[in-house]
Amino acid sequence: MRYDVGIIGGGVIGLACAWRLAQAGAQVAVFERGQVGHEASWAAAGMLAPQCEMMHYPPQRVAQAKRKAMFGLCHQSREMYRAFADELLAATGIDIELSLQGHSQSDWRIPGILYVLEAGDKAAIAAIREKFPASQFIASGSPEAPDFGSLLSSRPFVKQDDALWLPDEGQVENRRLVRALHMAITKVGVQIHQQESIERVRVEGSRITSLINSEREVQCAHVLLCAGAWSGQIQGLPRECLPPIKPIAGQIIALHEKINAIRSIVYSRHCYVVPRRDGHLLIGATMEDTGFEKSVTVGGVTQLLGAATALIPALSHSSITDQWAGLRPGTPDGLPVLGRTAMENLYVATGHFRNGILLTPVTAKLMADCLLKDVEPPAEFSLQRFQENQAEVEAGRE
Ligand code: GLY
């Protein structure tokens, strides 16, 4: 069997790209080293939060043009989620529990994020307002904002002028997103090979001819690398085709809180608290440069619970129901890597760092356009950008 496209990596990015390509008639195979969607896609909290992310990421040292391109991409993808959720529901019957203003939602939560300010945040927010005038912030005391009593059905824990209400931000239930994409691609005939990591590729001239592991050698006309934190590890590729990806671990704790008192996401510089439809609260997340280690540690749990209970003291009465860690695929500048490579038939869609769930719809569209119509994603996201700054790349690979 020779596939039109072989996708390395079955996280939400690989699955969504597979869906779009197969919908357009391509014969697609996905190779996943474990179980589809059970790495970063499973570990995530599912926030769709470009404004919150842009307060602190990418770092200020990253050029303004890149930051602006990143904000634009994140914003575009968030806005695509309503149609994406509806399309997945129609294709699979799975509701991905999108909580986003303007999308029908039948639960007790209120879409939006309450961003609780701390010393130092005012400057970041002022910078965002100035540089991205289109982004909407509503001060929590303004008439458009819901009062804290409706966001937090128990007692308010911040004063009105200590927070911003961001009504356009939202969330999805990322594990449902994984299940929906898995079912959707099965229905359109994508071949899914789980527990099959691609260890190396066979190269002839400037083309990949096949993907190789201990089970098989598979011929593919095109190859799309979506292996998240593992994207830099494929043997046989020239160095300039390997994206400079570094795993950045994040730990999350799940709480159960009986009275559904937190009705919106609460976000601060030190943690976020994400209410799920089923009553769980996710407390995330650490940022740890510890290689491929993804343990839940005493230090991580202490840090998260300390930050969460400082933010919302009433959480100290909640029960802890679960905890986990995942590996974000980090890049030297914090932007994803999307598009063509120096090999004629190798494409990349990886390095989504903190925004893999958010960027899933737009990435799938951009990569389908790239493979099928030869339309390149914006240059700010190209692999080529790292050729221009080798020092940054080396730092990213360390
Ligand atoms: N998107 C939030 C995180 O990566 O922790």
Side-chain angles (χ1 to χ4, degrees), residues 11-13 37-59 62 67 70-71 73-75 77-78 81 96-100 111-116 121 124 166 168-175 177-178 228-229 245-255 264-276 280-290 293-297 299-301 303-308 311 322-331 333-336 350-363:
V12 286
I13 297 294
H38 273 60
E39 290 289 352
S41 306
W42 203 253
M47 284 186 295
L48 310 177
Q51 291 168 344
C52 290
E53 285 293 311
M54 289 301 292
M55 309 266 192
H56 312 295
Y57 309 99
V62 171
R67 292 170 58 78
M70 180 62 176
F71 184 71
L73 192 76
C74 290
H75 185 271
S77 202
R78 188 187 67 195
Y81 249 104
I96 62 170
E97 297 185 1
L98 177 67
S99 177
L100 189 63
I113 294 185
L114 184 69
Y115 186 95
V116 180
D121 287 334
L166 306 172
D168 299 334
E169 307 274 68
Q171 63 155 302
V172 289
E173 212 289 82
N174 42 289
R175 296 182 182 184
L177 175 64
V178 166
I245 303 292
K246 181 174 181 172
I248 302 291
Q251 301 182 39
I252 289 194
I253 302 168
L255 306 182
S264 291
I265 296 171
V266 183
Y267 196 112
S268 82
R269 182 180 278 270
H270 301 295
C271 71
Y272 46 76
V273 178
V274 179
R276 292 299 207 214
H280 281 93
L281 290 175
L282 306 188
I283 313 293
T286 59
M287 289 271 283
E288 297 165 76
D289 182 359
T290 46
E293 177 64 47
K294 51 170 188 170
S295 311
V296 175
T297 62
V301 170
Q303 176 193 324
L304 290 172
L305 292 182
L311 194 61
D322 202 356
Q323 61 279 312
W324 59 83
L327 299 174
R328 306 176 185 89
T331 57
D333 56 11
L335 273 64
T350 187
H352 291 75
F353 188 35
R354 297 176 56 94
N355 292 298
I357 303 296
L358 170 61
L359 290 172
T360 293
V362 78
T363 300

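For this chain, numbers begin at 1 and follow the sequence in order. Counting starts at 1 for both ligands and their atoms, in listed order.
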* Asked: Where does Y272 meet ligand 1, judged by heavy-atom distances below 4.0 Å: at the side chain, the backbone, both, or neither?
  -> side chain
* Taking heavy atoms and a distance under 4.0 Å, where does M287 meet ligand 1: side chain, backbone, both or neither? -> neither
* What is the closest protein heavy atom to atom 1 (N) of ligand 1, and at what distance does it sit? -> R354 O, 2.7 Å
* Structure fact -> In this structure, atom 4 (O) of ligand 1 is nearest to the protein heavy atom R328 NE, 2.7 Å
* Asked: How close do E53 and Y267 get, heavy atom to heavy atom, and via which atoms?
  -> OE2-OH, 3.2 Å
* To do: Return the minimal non-hydrogen interatomic distance between I252 and A285, and the atom names on each side.
  => CG1-CB, 4.0 Å
* Structure fact -> Paired with H352, the side chain to side chain donor-acceptor pair (under 3.5 Å) test is passed by just one of T363, T331, T360, namely T363
* Structure fact -> Counting from 1 in the order shown, the ligand 1 atoms closer than 4.0 Å to a non-hydrogen atom of A285 are 5 (O)
* Asked: Should the pair K294-E288 be classified as a salt bridge under the 4.0 Å nitrogen-to-oxygen rule?
  -> no
* To do: Examine the side chains of Y81 and Q171 and answer whether a donor and an acceptor come within less than 3.5 Å of each other.
  => no
